[in-house]
Amino acid sequence: MARQISFADAINEAIKETMRNDENVILLGEDVAGGADLDHLGDEDAWGGVMGVTKGLVQEFGRDRILDTPIAEAGYVGAAVSAAATGMRPIAELMFNDFIGSCLDEVMNQGAKLRYMFGGHAKIPLVIRTMHGAGFRAAAQHSQTLYGMFTAIPGVKVVVPSTPADAKGLLISAIEDDDMVVFFEDKTLYNVKGEVPEGHYTIPIGKADIKRAGDDLTIVAIGKQVNTALAAAEQLAQKGIEAEVVDPRSLSPLDENTILKSVQKTSRLVIVDEANPRCNAATDISALVADKGFDYLDAPIKMVTAPHSPVPFSPALEDLYLPTPEKILAVVSELIDDESVVTI
Amino acid sequence: MARQISFADAINEAIKETMRNDENVILLGEDVAGGADLDHLGDEDAWGGVMGVTKGLVQEFGRDRILDTPIAEAGYVGAAVSAAATGMRPIAELMFNDFIGSCLDEVMNQGAKLRYMFGGHAKIPLVIRTMHGAGFRAAAQHSQTLYGMFTAIPGVKVVVPSTPADAKGLLISAIEDDDMVVFFEDKTLYNVKGEVPEGHYTIPIGKADIKRAGDDLTIVAIGKQVNTALAAAEQLAQKGIEAEVVDPRSLSPLDENTILKSVQKTSRLVIVDEANPRCNAATDISALVADKGFDYLDAPIKMVTAPHSPVPFSPALEDLYLPTPEKILAVVSELIDDESVVTI
Amino acid sequence: MRVSEVQQEALTAEKAKWMYQKMVEIRRFEDQVHETFSTGTIPGFVHLYAGEEAVAVGVCSHLDDKDYITSTHRGHGHCIAKGCDLKGMMAEIYGKATGLCKGKGGSMHIADVSKGMLGANGIVGGGFPLATGAGLSAKLRKTGGVAVCFFGDGANNHGTFHEGINQAAIWNLPVIFVAENNGYGESTPFEYASSCKSIADRAAGYNIPGETVDGKDTMAVYEAAQRAVERARNGEGPSLIECVTYRNYGHFEGDAQTYKTSEEREQHLNELDAIIRFREYLLSNNHASEDDLHSIDENVREAVADAVEFAEKSPMPEADQLTTDVYVNYKPGGEE
Amino acid sequence: MRVSEVQQEALTAEKAKWMYQKMVEIRRFEDQVHETFSTGTIPGFVHLYAGEEAVAVGVCSHLDDKDYITSTHRGHGHCIAKGCDLKGMMAEIYGKATGLCKGKGGSMHIADVSKGMLGANGIVGGGFPLATGAGLSAKLRKTGGVAVCFFGDGANNHGTFHEGINQAAIWNLPVIFVAENNGYGESTPFEYASSCKSIADRAAGYNIPGETVDGKDTMAVYEAAQRAVERARNGEGPSLIECVTYRNYGHFEGDAQTYKTSEEREQHLNELDAIIRFREYLLSNNHASEDDLHSIDENVREAVADAVEFAEKSPMPEADQLTTDVYVNYKPGGEE
Ligand SMILES: Cc1ncc(C[n+]2csc(CCOP(=O)(O)OP(=O)(O)O)c2C)c(N)n1
Ligand SMILES: Cc1ncc(C[n+]2csc(CCOP(=O)(O)OP(=O)(O)O)c2C)c(N)n1
Ligand SMILES: [Mg+2]
Ligand SMILES: [Mg+2]
């Protein structure tokens with residue numbers, strides 16, 4: 001099985017698989033098809049999403065199930081919540097996670113709480129797909145990484161895949177899940193290719209994946225930062241230091257055991273999260289280990305994150321903004337007394 | 001100086017002091033005066049805020065400066081952002097912090113980012129006062145504690161006072177500050193009285209306060225949980241364990257030194273935060289200490305928080321939801337090998 | 001008189017008595033909660049619907065269980081009109097384990113999805129998108145159902161009003177937006193907060209029908225709702241109905257209501273009262289006799305008393321309920 | 001001919017030439033960015049204003065530095081019309097330290113508060129509340145200023161449209177809401193996404209004047225804006241003007257524009273073009289000679305070339321700029 005497809009295509013396939021299996025699955029969002037009601041286009045899509053991720057779906061499933069929406073995030077995300085509560089399985093695309101500013105109520109106060117407030121007499125099988133991350137020169141309002149905000153909200157599950165294969169299997173799980181799942185897609189990963197199985201398969205939400213095994217040090221990295229961590233691990237290996245790279249894949253629920261076991265083995269922990277540094281997933285994982293894994297630790301828990309500032313537009317600044325293998329090596333050198341670790 | 005006034009009155013005084021000094025200070029929000037345009041009321045307020053905190057202000061400052069708004073949080077919070085950018089010093093009241101769902105964009109993408117996106121050529125001297133916290137039988141949509149969400153956002157300062165005197169001094173600082181400050185008021189503290197100086201005084205934002213000194217253990221507690229921590233400390237003292245209770249008072253900026261110094265002295269840390277447990281202020285402070293204070297620690301860092309569930313309505317459940325002195329004692333007993341610590 | 005007319009008239013009398021009963025249930029229920037609240041037995045914020053009965057009942061008399069409604073913080077009336085159980089409601093308001101939401105929701109979140117009641121809502125404006133989604137769901141699943149969004153004059157200025165109605169209009173959804181214009185949002189007058197002269201005026205901006213009716217005239221609401229529900233069921237899309245009404249109590253229990261004048265209160269609580277007027281309508285149209293109505297009144301009184309007793313005697317939720325019902329499926333520490 | 005009339009005419013010719021210049025600046029600037037973008041020199045998302053010049057210029061010709069505007073993701077035209085420096089703008093689009101925002105904002109966030117330009121905005125609908133607040137500020141500080149909110153047909157369905165306009169209306173603020181209805185929000189037609197027939201129709205729901213003008217007829221925009229700005233300055237409150245227009249390029253650079261038909265593009269880029277039409281208007285009204293216009297064209301060409309050179313030669317921001325300008329005052333580790 002050597003079929004290589006892109007992260008974007010893997011997501012497209014996941015949606016297709018589930019829509020074929022269950023007619024209650026619908027997709028709605030801004031320009032997810034595009035060109036609605038235009039005679040000269042007919043059933044053809046004009047866009048298939050701003051990045052083309054949902055291209056071709058309207059041709060197969062029609063405009064009743066692939067619904068272009070007005071620019072009204074509260075309107076259609078809220079509609080997706082109650083559609084879910086009344087028997088549908090909607091996938092709502094929030095084009096950029098930054099736009100949660102326009103529909104947080106629908107996610108936090110409605111979707112995430114209805115089941116609890118109704119005493120369990122409702123379920124919300126809703127997936128919100130959303131794009132996040134810096135590195136695209138998209139500036140402060142289109143580059144944030146906000147999974148921490150959602151992880152904080154009870155009633156929401158949070159998934160952040162790092163590879164095409166994980167993206168497909170996790171998205172199918174998310175769509176088939178009976179709870180609300182916010183599914184984060186890093187916009188700089190869309191063109192990255194990888195081996196992806198054909199057909200329907202699932203990856204359980206709440207199961208971390210060890211992307212590289214190692215005994216000397218644990219690096220927990222989220223989303224595309226898994227790649228940064230793997231690059232750092234590669235360089236560390238050349239110095240004889242074997243880092244274990246743990247990809248949590250979902251932040252809520254978080255696979256605590258896999259992380260704790262890894263730290264038990266390595267005694268050292270670095271967390272890489274490209275979000276801003278305060279109250280983020282990195283601090284969450286650090287606090288987990290500082291509590292339940294304290295006795296395993298031989299050194300401080302280090303975090304590599306963005307600084308406490310908005311994402312700058314200028315490429316010169318944005319490149320400094322993100323975590324890099326070098327920044328990881330720099331903190332590793334603080335954990336392991338070996339100056340040679342720092343290559344830059 | 002033995003004047004005792006309530007937390008609510010302390011806030012009212014802070015607003016009054018600053019409005020008298022600077023005509024650019026205005027207050028806007030839903031029913032902050034109440035009864036707008038009603039002949040039979042004239043300049044009298046009908047409400048003075050849903051809890052009466054701003055009562056009497058409209059009589060002194062008039063309806064041009066104490067502005068009742070429609071129920072349109074994005075509208076008036078966004079208006080406050082640009083009023084601030086163009087020379088005013090607005091105080092916007094977001095009645096319940098839960099309503100951030102209706103105006104997160106104005107806070108996160110506009111207010112917090114304009115200065116940075118404009119290359120420093122703007123400032124946003126805006127205070128958002130908002131009510132938070134459980135224990136009021138107000139159920140899931142009116143009881144959340146969301147300061148962690150704001151702490152995560154660069155460009156926002158976050159203040160959470162625990163006493164009437166702190167509330168007044170910090171609010172005056174916030175209103176006179178040139179940055180956007182979100183000011184959290186615990187609804188269950190409004191009637192609590194304490195000594196409060198008359199007139200104008202400030203407490204710097206970014207300075208923690210040691211509410212009780214002790215050598216054996218550090219308890220960092222936020223907002224009204226300072227009282228829970230002090231009650232626990234009282235009981236611990238009876239067992240001969242002296243807890244130091246640190247009140248950060250602001251979460252952004254966070255007074256890291258005061259916390260680290262206390263842990264250096266005590267070697268043990270418990271953090272009390274009534275927010276939900278994931279990606280919250282407790283994990284943030286834990287991660288700080290697990291990094292910069294690791295060598296001081298003799299034991300795991302413990303957190304006492306709400307569970308990962310919405311706030312229940314039923315009093316029977318809500319009482320179980322919040323941190324209590326007993327819950328603090330229970331985790332302390334894990335840190336200090338003395339079974340007698342647990343009194344319940 | 002043709003047979004069909006006889007049948008129709010018979011049906012109407014029955015329905016009319018059902019409507020009267022629901023209105024009295026709401027009034028009695030709310031008066032009871034008001035009394036009990038003052039004794040301190042009921043926790044939290046309580047917003048009473050008394051005075052607005054004609055709206056909930058006039059509208060919901062056209063709906064059945066496959067139809068959805070979204071409600072507001074002032075939701076008891078909508079619940080009762082949509083068929084929620086009085087005992088389960090009262091127990092919920094007391095925070096008891098036997099409540100419709102197991103005590104987890106309380107007054108502001110009473111729901112019964114099996115009856116199509118999608119919950120009272122603590123967020124002003126929260127219902128617009130939800131009603132649209134329920135309408136979309138009914139349309140896609142071809143259930144023949146409609147969705148009704150009840151909202152206040154205050155909510156009419158929230159952004160979700162605009163987004164929800166526009167969306168329902170472009171998708172031609174079976175949704176009816178019912179404004180309960182009771183003159184105030186908390187202590188703020190409609191005239192101050194709203195730039196429109198009437199909420200119905202705003203319908204034109206969405207190219208949907210909008211009309212204003214006397215919301216304390218049960219039959220006026222009934223007839224307007226009938227037109228709108230028929231339109232919706234026939235696939236002709238959404239409508240907006242503004243019902244001009246009044247709340248007999250304050251915004252919530254504890255409100256001194258200084259923004260109201262005593263004249264307006266006096267008038268609304270007496271000559272304009274919807275129940276008094278509907279009672280007269282029923283009698284003068286021979287839909288019911290004094291005896292009929294008297295026995296309804298008595299039955300309702302008893303039913304509400306039973307609900308109180310049920311609520312009082314019911315147990316509080318067990319401690320393990322604190323963290324259940326957050327998810328269908330969630331392993332806090334992850335899989336395995 | 002009375003003296004005052006002569007003066008008025010002279011003034012008009014001068015203003016008219018200024019308007020022509022600004023329109024050509026926008027067109028040239030955008031065509032240039034389009035070309036350069038295709039070479040890969042310009043990073044990020046770029047949304048070009050070419051084709052809509054009559055709107056920004058027709059409106060801003062009534063404003064000065066004490067007046068505010070809020071803009072959109074498609075902001076270059078508004079910036080130029082409001083007097084932003086071309087060099088500073090181009091450098092910003094290149095992400096250079098000499099940009100109006102030191103390179104931190106980029107195309108979607110160009111701002112110059114000293115000129116009353118409160119920023120392009122990456123959030124659709126973000127401008128409505130901001131314009132209202134600027135209008136409130138102008139009113140309270142008694143500056144005599146007004147605030148203009150430019151927004152697209154897509155933004156007209158966002159909740160902030162409703163909240164912003166309602167608020168401006170009830171507070172009678174000096175705000176002008178200018179819709180740029182270019183027929184599409186991204187690839188979605190106005191007719192699909194909006195339930196209203198025209199955006200101006202929605203003004204009635206706020207009890208404010210609303211009119212639709214040909215947004216590619218510069219004088220039509222000019223005159224409608226004049227009425228609205230005068231109303232605002234006289235304390236008569238907000239207005240809404242819908243300008244029907246067209247964007248010559250795609251939604252952003254890289255858009256294949258399959259949703260457009262070739263006929264409509266053809267027509268808009270030629271016979272309906274605002275600059276061609278305004279040029280003819282100026283010549284036939286003797287506001288300017290062919291020579292005048294030619295030299296404006298040449299000067300603009302040079303100014304834009306200078307801006308490009310300036311941008312290209314400017315340095316990138318220094319590393320320390322990454323974390324400055326977040327706050328006026330912030331000590332990360334707290335006080336002391
Ligand atoms: C988004 C939001 N903003 C503010 C509130 C606080 N609040 C609760 S009810 C209310 C007034 C609602 O007025 P209206 O819509 O007229 O309904 P009524 O109470 O008159 O039935 C307000 C402001 C809220 N619950 N949600
Ligand atoms: C709140 C929000 N939702 C969605 C987007 C993505 N987006 C950017 S521009 C745009 C279309 C805007 O259309 P319109 O208002 O007509 O302006 P135009 O591009 O035609 O000038 C969309 C959907 C956004 N930036 N912000
Ligand atoms: Mg009302
Ligand atoms: Mg457009």
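Letters A, B, ... mirror the listed sequences (proteins, then strands); counts begin at 1.
How far CZ of Phe118(B) is from CD1 of Ile110(D): 11.0 Å, rounded to the nearest 0.5 Å. The NE2 atom of His121(B) lies 13.5 Å from the CE atom of Met117(D); values are rounded to the nearest 0.5 Å. Taking CG of Leu67(B) as the reference point, atom CG of Leu140(D) lies at 7.0 Å (rounded to 0.5 Å).
In this structure, Gly133(D) and Ser82(B) approach most closely via the heavy-atom pair CA-OG, 3.2 Å. Heavy atoms only, all atoms of each residue included: Pro129(D) and Glu106(B) are closest at CG-OE2, 4.0 Å. Of all the heavy atoms in Ser137(D) and Thr86(B), the pair that sits closest is OG-OG1, 2.7 Å. Smallest separation of non-hydrogen atoms from Tyr327(D) and Gly155(B): OH-N, 3.1 Å. For the pair Gly75(B) and Glu163(D), the tightest heavy-atom approach, listed with the atom from each and the gap, is N-OE1, 2.8 Å. What you find for Lys157(B) and Tyr330(D) is that their closest heavy atoms are CE-CD1, 3.9 Å.
Interface residue Leu136(D): only side-chain heavy atoms are found under 4.5 Å from chain B. Contact of Asn109(B) with chain D is made through the side chain alone, with heavy-atom distances under 4.5 Å. Within the 4.5 angstrom heavy-atom criterion, no atom of Leu251(B) approaches chain D. No part of Ser102(B) comes within reach of chain D, as not one of its non-hydrogen atoms sits under 4.5 angstrom from that chain. Contact of Lys113(B) with chain D is not made at all, since no heavy-atom distance falls under 4.5 Å. Contacts between Ile26(B) and chain D at a heavy-atom distance below 4.5 Å involve the side chain alone, from C-beta outward. For Asp105(B), the part lying near chain D is the side chain, with the backbone staying farther off; criterion is any non-hydrogen pair under 4.5 Å. Heavy atoms closer than 4.5 Å to chain B are found nowhere in Asp112(D), neither backbone nor side chain. Interface remark: Glu23(B) contributes no atoms to any contact with chain D (heavy atom separation under 4.5 Å). For Ser252(B), the parts lying under 4.5 angstrom from a heavy atom of chain D are both the backbone and the side chain. Only the backbone of Ile205(B) has a heavy atom closer than 4.5 Å to any heavy atom of chain D.
Proximity to chain B at a heavy-atom threshold of 4.5 Å picks out Leu100(D), Cys101(D), Lys102(D) from residues 82-103 of chain D, in numerical order.
Per-residue counts of heavy-atom pairs under 4.5 Å with chain D were compared for Val156(B), Thr69(B), Val81(B), Asp64(B); the largest is that of Val156(B). Interface remark: of the candidates Thr160(D), Ile123(D), Val113(D), Thr143(D), Ile123(D) forms the most heavy-atom pairs closer than 4.5 Å to chain B. Among Gly78(B), Ser250(B), Pro90(B), Ala112(B), the residue making the largest number of heavy-atom pairs under 4.5 Å with chain D is Gly78(B). Top candidate by heavy-atom pairs under 4.5 Å with chain D, chosen from Ala122(B), Gly119(B), Pro154(B), is Gly119(B). Of the listed residues Thr132(D), Thr70(D), Leu322(D), the one with more heavy-atom pairs under 4.5 angstrom with chain B than any other is Leu322(D). The residue among Glu256(B), Arg65(B), Met117(B) with the most heavy atom pairs within less than 4.5 Å of chain D is Met117(B).
Formation of a donor-acceptor pair under 3.5 Å by the Gln110(B) side chain with backbone atoms of Gly126(D) is not found in this model.
Contacts of His62(D) classified as ring pair (Phe, Tyr, Trp, His ring centres under 6.0 Å), with partners at least two apart in sequence or in another chain: Tyr222(D). Evaluation of the side-chain hydrogen bond (donor to acceptor under 3.5 Å, both in side chains) rule for Asp284(B) yields Arg278(A) as partners, not counting sequence neighbours. When the ring pair (Phe, Tyr, Trp, His ring centres under 6.0 Å) test is applied to Phe161(D), the partners found at least two apart in sequence or on another chain are His162(C), Phe128(D), Phe151(D).
With a 6.0 Å radius and a threshold of 12 heavy atoms from other residues, nucleotides or ligands, Glu318(D) has its CD atom at or below the threshold. Enclosure of atom NZ in Lys292(B) is not indicated, since only 12 or fewer non-hydrogen atoms of other residues, nucleotides or ligands lie within 6.0 angstrom.
At least one side-chain heavy atom of Asn24(B) sits under 4.5 Å from a side-chain heavy atom of Arg141(D).
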Checklist line | Working for side-chain contact (heavy atoms from CB on, under 4.5 Å), residues Val328(D) and Arg115(B) | finding: CA-CA 9 Å; Val328(D) 175; Arg115(B) 179 176 174 78; 3.6 Å; yes
